[in-house]
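This report refers to the structure that appears directly beneath it.
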Amino acid sequence: MEIPGNDKRSLNFIEAIIEEDLKNNKNESRVHTRFPPEPNGYLHIGHAKSICLNFGLAEEYNGLCNLRFDDTNPEKEEQEYVDSIKEDIRWLGFEWNGKPLFASDNFDQLYQWAVKMIKNGKAYVDDQPQEMIAEQRGVPTRPGVESPFRNRAAEENLDLFERMKNGEFPNGAKVLRAKIDMTSPNMHLRDPIIYRILHEEHHRTGKKWCIYPMYDYAHGQSDYIEGITHSLCTLEFEIHRPLYDWFLDQIAEGSYRPRQIEFARLNLSYTVMSKRKLLQLVKEELVNGWDDPRMPTISGLRRRGFTPQSIRAFADRIGIAKRDNVIDVGLLEFSVREHLNQIAPRVFAVLDPVKVIITNYPEGQSVKMELDNNPENPEAGKRKVPFTREIYIERNDFMEDPPRKFFRLGPGREVRLKGAYIIKCEDYKKDENGKITEIYCTYDPETRSGGSGANRKVKGTLHWVSVPHAIEAEVRLYDRLFMDEDPDGHKDKDYREFINPDSLKVVKNCKLEPSLKSAKPDDKFQFQRLGYFCVDKDSTAERLVFNRTVPLRDSWAKKNR
RNA sequence: UGCCCGAUGGUGGAAUUGGCAACACGUCUGACUCUGGAUCAGAAGAUUCCAGGUUCGAACCCUGGUCGGGCAACCA
């Protein structure tokens with residue numbers, strides 16, 4: 001896949017580590033990464049950053065990248081999510097190594113290794129209730145105290161652990177803990193829990209297990225089993241790394257070791273990125289599902305009209321580093337404009353139509369005007385657009401009393417109809433509310449595009465649609481979902497308070513040029529002078545529905561802000 | 001008041017041996033334009049968190065601070 005803007009650049013800190021490892025022939029100079037989502041929600045643009053990183057590194061260094069579902073918590077995980085995750089990764093243009101993998105594939109091995117740790121005196125069964133364990137763990141500034149069950153004999157631990165597995169105890173009755181150091185300044189080293197009892201059916205292993213491993217235990221071991229060399233995760237796991245390494249030391253043989261490296265997660269202005277909050281938006285119907293075009297989910301961006309290339313270019317541009325960041329959502333918009341500008345056919349669509357009657361144009365005459373499909377790409381060819389005496393133009397392309405800098409239509413003013421003629425406004429009609437109902441113009445036959453008088457200059461160029469040929473459509477105009485740059489960043493206010501009431505405007509009865517008749521869901525266009533739009537999946541042959549992906553840059557609007 | 005991590009234009013983010021503070025987005029000019037788009041040309045914007053130190057020379061090394069983030073689920 002060709003990614004725009006992907007020029008050569010200096011190495012990010014992870015590439016620097018990899019090149020160092022390669023130089024030292026670490027792990028036989030293999031590069032093997034993995035993308036490890038928990039199937040408990042839909043992927044979002046932050047995951048796209050991680051996907052591009054992990055799969056991108058594998059491509060860059062001739063390595064492999066696994067897809068591994070981190071499915072150690074049967075209470076929250078569902079098949080629907082694994083399906084959507086696979087679809088999103090493929091849509092971004094990546095293919096994982098072999099089959100999709102699951103942490104749950106490793107449950108037997110994980111159990112065996114736990115037994116080994118017990119035998120080595122590195123793990124024990126604790127009978128205490130959750131609250132007691134939490135209390136004994138202490139707080140970051142004070143050491144914890146040891147559990148009274150900490151020094152049980154290995155045989156007893158073995159017996160108890162097996163009976164846990166056999167389902168002899170109810171949820172929460174016992175846990176298996178690593179025996180590390182209750183006084184460690186790192187909370188994660190204070191005898192962390194390895195297994196808990198959960199009588200819960202698992203989406204893949206069914207009823208086979210009633211004990212499930214915790215993340216810290218399952219993750220590194222899965223990396224080890226899969227031969228992962230560089231295990232990339234976000235910053236909040238930094239403090240887990242000593243535990244990651246500790247577990248590996250208990251089970252690993254030989255010199256091969258995966259290495260955990262942390263990078264800063266993506267934050268985007270004017271949106272929220274936590275799965276919990278995105279789930280909440282969906283559940284509370286604040287948006288219309290996970291793929292609502294206002295959502296920062298990959299499925300939402302896809303429906304909004306983003307291309308995989310634009311998301312990849314975005315991921316390239318934001319870089320990889322360790323400090324917290326907030327990326328301006330404008331950069332994402334730039335990336336999609338950049339790509340769509342190259343590939344989107346130009347068409348005429350009038351969203352808020354007002355009728356123009358060209359009084360000196362023959363009634364009943366219809367002429368096909370030839371227009372470029374995409375001036376950026378001559379190979380896109382040309383199309384014919386019918387022109388007649390009555391056309392629609394955009395309501396805001398006319399002003400009764402326009403300022404000097406308004407390069408559009410007004411009484412006595414001239415304007416170019418793109419691909420057709422220069423017209424002059426002679427008169428207009430209003431209804432009793434003062435709303436413009438019709439505009440009367442004359443045209444200059446010499447000024448037809450490509451014709452003898454065509455190079456006469458006028459200030460403005462308008463898009464238009466022939467009245468008798470116009471087809472109607474619904475257009476959905478999206479704006480950012482939140483009005484605040486950091487909706488999540490207010491201690492005293494819930495992020496939902498910042499939801500933008502105008503984030504979706506549905507405009508009906510828009511007038512489109514007839515070539516759009518055959519447009520199919522996901523087709524992308526530039527509605528000339530307005531923005532980039534795509535056909536929504538709600539669209540049918542009878543009722544076309546378009547989503548606005550992003551408006552064109554508009555220096556006129558900006559000047560008037 | 002413990003441990004871990006971070007700090008470079010408005011936003012990201014380079015500077016790979018201690019040697020001219022890249023680049024991108026954004027902003028502003030101008031040119032061009034049958035999209036007020038795109039494109040092209042240019043500009044502004046940085047005491048590299050602070051204070052000391054080492055050095056001919058420090059964003060980078062040392063010392064001490066400051067500020068920000070993270071860590072106390074039988075979540076991941």
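Each chain gets a letter, A, B and so on, in the order the sequences are listed, and its residues count up from 1. Note that this is a predicted model, so its numbers are computed, not measured. These values consider heavy atoms only, across backbone and side chains, with no hydrogens, waters or symmetry-generated copies.
Ranking B/U35, B/G36, B/C74 by closeness to the A/Arg346 side chain, first place goes to B/U35. Picking from B/G36, B/G2, B/A38 the nucleotide with the shortest atom distance to the side chain of A/Trp556 gives B/G36. Minimum atom distance to the side chain of A/Ile193 is reached by B/C74, of the listed B/G12, B/C74, B/G69. Closest to the side chain of A/Pro185, from the set B/C75, B/G2, B/U35, is B/G2. Closest to the A/Pro140 side chain, of the nucleotides B/G36, B/G2, B/C3, is B/G2. For A/Arg529, counting side-chain heavy atoms from C-beta on, the closest listed nucleotide (B/G36, B/A76, B/A72) is B/G36. Between B/C5, B/C75, B/C25, one nucleotide has an atom nearer to the side chain of A/Met214 than all others, and that is B/C75. Closest to the A/Ser555 side chain, of the nucleotides B/A73, B/A76, B/G36, is B/G36. Residue A/Phe334 places its side chain closer to B/C25 than to any other of B/A14, B/C25, B/G2. With distances taken from any side-chain atom of A/Gln130 to the nucleotides B/U35, B/C25, B/C74, the minimum falls on B/C74.
When the P atom is used for both B/U11 and B/A46, the distance is 12 Å, rounded to whole Å. Here the separation of B/G10 from B/G45, taken at their P atoms, is 11 Å to the nearest Å. Nucleotides B/A15 and B/C60 are separated by 15 Å at their P atoms, to the nearest Å. B/A41 sits 22 Å from B/G9 when the C1' atoms are compared, rounded to a whole Å. Taking the P atoms as reference points, B/A21 lies 13 Å from B/U16, given to the whole Å. Nucleotides B/G13 and B/U54 are separated by 34 Å at their P atoms, to the nearest Å. Between the C1' atoms of B/A14 and B/C23, the separation comes to 7 Å (whole Å). Taking the C1' atom of each, B/A72 and B/G26 are spaced 41 Å apart, rounded to whole Å.
Within the 4.0 angstrom heavy-atom criterion, base atoms lie near A/Arg408. Residue contacts for A/Ala321: at a heavy-atom cut-off of 4.0 Å it reaches the sugar-phosphate backbone alone, with no base atom in range. Residue-level contact check: A/Leu530 touches neither bases nor backbone, having no heavy atom under 4.0 Å from any strand. Among the atoms of the strands shown, only primed sugar atoms or phosphate atoms (P, OP1, OP2) are found under 4.0 Å from some heavy atom of A/Glu238. A/Lys275 comes within contact range of no nucleotide atom at all, as no heavy-atom separation falls under 4.0 Å. At the heavy-atom level, A/Thr72 lies under 4.0 Å from the strands shown only through sugar-phosphate atoms. Residue A/Gln128 is classed as a base contact, given a heavy-atom separation below 4.0 Å to a base. If you check every strand for non-hydrogen atoms under 4.0 Å, A/Asp70 touches sugar and phosphate atoms only. In this structure, A/Leu552 reaches the bases: a heavy-atom distance under 4.0 Å links it to at least one base atom across the strands shown. A/His188 comes within 4.0 angstrom of the backbone, heavy atoms only, and of no base. Heavy atoms of A/Glu75 sit nowhere under 4.0 angstrom from any nucleic acid atom. Within 4.0 Å (heavy atoms only), A/Gly531 reaches no atom of the nucleic acid at all. Within the nucleic acid shown, A/Arg553 comes within 4.0 Å of sugar-phosphate atoms alone, with no base atom in reach, counting heavy atoms only. Nucleic acid contact for A/Pro129: base, since at least one base atom lies under 4.0 Å from a heavy atom of the residue.
Base orientation at B/A73 is syn, since its O4'-C1' glycosidic dihedral falls within 90° of 0.
The side chain to side chain donor-acceptor pair (under 3.5 Å) test with A/His463 singles out one residue from A/Gln528, A/Lys418, A/Glu394, A/Arg346, and that residue is A/Glu394. Of the residues A/Phe107, A/Trp209, A/Phe69, A/Phe102, the one that meets the ring pair (Phe, Tyr, Trp, His ring centres under 6.0 Å) test with A/His202 is A/Phe107.
A/Ile180 places its CD1 atom 19 Å from the P atom of B/C3, with the value rounded to the nearest Å. Per the geometry, CZ belonging to A/Arg337 stands 16 Å off C1' belonging to B/A24, to the nearest Å. We find that OH of A/Tyr270 is positioned 12 Å from C1' of B/U11, with the value rounded to whole Å.
Aromatic rings of A/Tyr111 and A/Phe161 (six-membered ring for Trp) have centroids within the 6.0 Å cut-off, being under it. Checked against the 6.0 Å centroid threshold, A/Tyr361 and A/Phe387 count as a close aromatic pair. Ring centroid separation for the pair A/Phe527 and A/Phe348 does not come in under the 6.0 Å cut-off.
Evaluation of atom-type donor-acceptor distances gives no pair under 3.5 Å for the side chain of A/Arg317 against the base of B/G12. Scanning atom types as modelled, one donor and one acceptor separated by under 3.5 angstrom connect the side chain of A/Glu376 and the base of B/G37. Evaluation of atom-type donor-acceptor distances gives a pair under 3.5 Å for the side chain of A/Gln526 against the base of B/U35.
Between A/Lys322 and B/A7, a side-chain N or O to OP1/OP2 separation shorter than 4.0 Å is absent. For the OP1/OP2 pair of B/A76 and a distance below 4.0 Å, the side-chain nitrogens and oxygens of A/Arg276 include no atom meeting the criterion. Look at A/Arg142 and you won't find any side-chain N or O under 4.0 angstrom from OP1 or OP2 of B/C71.
The pair A/Asp554-A/Arg529 does not meet the salt-bridge criterion, since no charged nitrogen lies less than 4.0 angstrom from a carboxylate oxygen. Look at A/Glu20 and A/Lys26 and you find no salt bridge, because none of the NZ, NE, NH1 or NH2 atoms lies under 4.0 Å from a carboxylate O. In summary, A/Arg150 and A/Asp126 do not engage in a salt bridge, as defined by a charged side-chain N under 4.0 Å from a carboxylate O.
Between A/Pro375 and A/Leu198, the one whose closest nucleotide on RNA chain B sits nearer the 5' end is A/Pro375. Mapping A/Phe407 and A/Asp328 onto RNA chain B by nearest heavy atom places A/Asp328 at the nucleotide closer to the 5' end.
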Please report the C-alpha distance between A/Val175 and A/Val125 in whole Å, then the side-chain angles of each, then the deciding distance to 0.1 Å, and finally whether the side chain to side chain contact (heavy atoms under 4.5 Å, CB included) criterion is met. CA-CA 6 Å; A/Val175 289; A/Val125 173; over 6 Å; no
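With no hydrogens or angles considered, no side-chain donor-acceptor pair links A/His230 and A/Thr33 at under 3.5 Å.
Nucleotide B/A24 is matched to B/U11 when pairs are restricted to Watson-Crick or G-U wobble geometry with both distances under 3.5 angstrom. Nucleotide B/U39 forms a Watson-Crick or G-U wobble pair with B/A31, both donor-acceptor distances falling under 3.5 Å. Of all nucleotides present, only B/G70 satisfies the Watson-Crick or G-U wobble test against B/C3, with each distance under 3.5 Å. Across all strands shown, the partner of B/U63 is B/A51, judged by Watson-Crick or G-U wobble contacts whose two distances both fall under 3.5 Å.
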